[in-house]
2 protein chains.
Amino acid sequence: MAGDRPKRVTIYSIARECGVSASTVSRAFTRPEIVNDDVREKIHAVARRLGYQPNKAARGLATGRAGMIGLLVPDITNPFFPPLVRSIQQAASVADWSVLLVDADEVAAEETELVEQVRSQVDGLIVASPRSTDADLETTLGDIPTVVINRVVPGRPSVVCDNTTALTAAGQHLRELGHRRFALLKGPEASWAARQRSEAIRQWAADAEVDLVESGDFAASYDGGREASRAFLDSDATAAFAFDDLMACGVLAGLVEAGSSVPDDRSLVGCDDVLLARTVTPSLTTVTAPVGALGAAAIDLLREAIGGEPARELRLDGTLTLRASTGTVPVGAVRA
Amino acid sequence: MAGDRPKRVTIYSIARECGVSASTVSRAFTRPEIVNDDVREKIHAVARRLGYQPNKAARGLATGRAGMIGLLVPDITNPFFPPLVRSIQQAASVADWSVLLVDADEVAAEETELVEQVRSQVDGLIVASPRSTDADLETTLGDIPTVVINRVVPGRPSVVCDNTTALTAAGQHLRELGHRRFALLKGPEASWAARQRSEAIRQWAADAEVDLVESGDFAASYDGGREASRAFLDSDATAAFAFDDLMACGVLAGLVEAGSSVPDDRSLVGCDDVLLARTVTPSLTTVTAPVGALGAAAIDLLREAIGGEPARELRLDGTLTLRASTGTVPVGAVRA
DNA sequence: ATGAAAGCGCTAACAT
DNA sequence: ATGTTAGCGCTTTCAT
């Protein structure tokens, strides 16, 4: 019967077993090169045999480095975030960081409180698409190294997915399909990304000299999209930009329910390219976000921030992905 | 300019500021009732002013309680998990636990290694739908309090969603719609839930005296479903049970592509009732899992396990949710 | 190259 | 009710 681990395995138990001091054991793990080959081998062997795992809390206490980062998301339930969480976690683990996930449940007030709670236990923070105001963020974040995803906060390192180019391309695409009147179904005003996307589309519409009717903001959810579909129907636009894919799916459902067919009667483009975008019928023309790169960049920036390097603002371009939700404008729809 | 927090705020800085000992400060937070009202007030006031946050690592070191639990999921990207993660996190936070999320990326070998890594930093573990074998789980888990979700592991507390009743109801429903020949599109053999679901359906089919053709196992993913759709088409079944909604969506896509219409030509039922199930066209008849209750129960069980209480095995019933993917058997499809 | 000792921030006896 | 002290497991000077 192997595996009779009586109590906890610490550097002390190992030290005793090996006839060395605890410091040597510690060194054998943290700076192996400075301990003699034979004793290092022995220590490692014993450690493995005993199933030793360094106590991160203790190490953190001693070093001031927690070995953990906090990841704050507004809504883990939103399909945009799980892949992002994964990519961040993967990048974090190569930097030897665990990830403390915190879900704010889409309420801004929670965000600041939650940050307050985790700040003592982490080396740094990644906050994704926060809903709080800049001012609130600034005061609760204080001097804890933080990188912001999909938002730009003055003085903080950030990495955003820039959808401007792709959204412009989407507009052009629709224009070539004959559309001249567009609906902009706006996302939550509190979302930086929503504002950025709206601005990009506004800009494009002005340049392209097409009509744009804005409505919203709507919740970044399926139900928000249902609501938005009414606005789409009420406008006499033939094509719409939804804030994100989730909302677009709701719009789709609303349109179908109202007897409007996509893409035959109306065209629709989403944003983010979440799983849903591919599985919905018709599949969504959307802007694909570079989620993997986003996560990796966030970790890089965080490392820099902890190292005291100046804050950088990264922008990674989304790319237009053509699918089935966009088509030629229906005959007779083009106004005089 | 407020906010010049010189160094770190500890119980000592507060103690000094208040002219009391550190222990009193500590007590003011951990057992407020045993310290005099006036000094408690003062301590709290100063703490608030200085922005004191107790250092969880230190507290954990001293108490042996980490204030953190680990949550291991096989694939955060699978839409079943985010709502579960949320419900667990909410339940955990009322027990004053933070949640360390660990994504195994669907590879069983990772699971044991990841468990190894976090076990030292958490009070307990919740492992959701693990893919590892019982034996592997048992050895890596060792004596760390653990509750298992959607799987039964001898000797461990567990809470599962029992889909037997609902699946049986689904079968009955389909039978009433005239279906007599069914396809069972099986999920990953390593998944306990998959085996359980298959068994339930097998049982029902035998009792109901209908034909059942099994195929799989298929990956619990959209692509797995695409693959499974072939098997469905090859069998001459008129209705199929997919392992889960995600797979069902893939099946749907495969059928559509092959020119088969749901529910006109074939019926399909999923399982879990993830967001996708509602948004896909046609929306999926599926078994709704009580995700909130699952999370709450898991935390309860974990608390019990940590308290040394004997392991309980909870089963929470899923409920059948009728939607648009099931319909009457097509004329002529009923065999002699 | 290794050991001894102090200390990270906190809690928990044990005094008083 | 409050102060003193020791110690959680680890790292890190400082000696040797």
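If you're wondering where the values come from, they're calculated on a predicted model, not measured in any experiment. Letters A, B, ... mirror the listed sequences (proteins, then strands); counts begin at 1.
The phosphate of dG9(D) (OP1 or OP2) has no side-chain N or O of T10(A) nearer than 4.0 angstrom.
When all heavy atoms are compared, the tightest approach of S132(B) to T112(B) is OG-CG2, 4.1 Å. Here the shortest heavy-atom pairing between L301(B) and S158(B) reads CD1-O, 3.5 Å. Scanning both residues, A104(B) and L114(B), for their nearest heavy atoms gives CA-CD1, 3.8 Å. The nearest pair of heavy atoms linking L294(A) to I149(A) is CG-CG2, 4.4 Å.
For N36(A) and dA1(C), the CG to C1' distance is 6 Å, given to the nearest whole Å. Between the C1' atom of dG9(C) and the CD1 atom of I14(B) lies a distance of 11 Å, rounded to the nearest Å. In this structure, Q121(B) places its CD atom 15 Å from P of dG9(D), rounding to the nearest Å. One can place CG of D123(A) at 18 Å from P of dC8(C), the figure rounded to the nearest angstrom. Following rounding to the nearest Å, R8(A) (CZ) and dG7(D) (C1') show an atom-to-atom distance of 13 Å. When the P atom of dT2(D) is taken as reference, atom CD1 of I34(B) falls 9 Å away, rounded to whole Å. In this structure, F29(A) atom CZ and dG9(D) atom P are separated by 16 Å, rounded to whole Å.
A residue-by-residue look at I11(A) and R27(A) shows that I11(A) has its nearest nucleotide of DNA chain D further toward the 5' end.
A salt bridge is defined here as a Lys NZ or Arg NE, NH1 or NH2 lying under 4.0 Å from an Asp or Glu carboxylate O, and D105(B) with R131(B) fails to meet this definition. A salt bridge links R156(B) with E138(B): at least one charged nitrogen is closer than 4.0 Å to a carboxylate oxygen.
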Review point. Taking it one step at a time, do Q89(A) and I76(B) satisfy side-chain contact (heavy atoms from CB on, under 4.5 Å)?
Key: CA-CA 11 Å; Q89(A) 191 164 254; I76(B) 185 61; over 6 Å; no

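For S26(A), counting side-chain heavy atoms from C-beta on, the closest listed nucleotide (dG3(C), dT4(D), dT11(D)) is dT11(D).
Judged by distance alone with a 3.5 Å cut-off, no donor-acceptor contact links the side chain of Y12(B) to the base of dC8(C). Side-chain atoms of T24(A) and base atoms of dA1(C) include no donor and acceptor less than 3.5 Å apart.
At a non-hydrogen distance threshold of 4.0 Å, Y52(B), P54(B), N55(B), A58(B), R59(B), L61(B), A62(B), T63(B) from residues 52-65 of chain B come into contact with DNA chain C.
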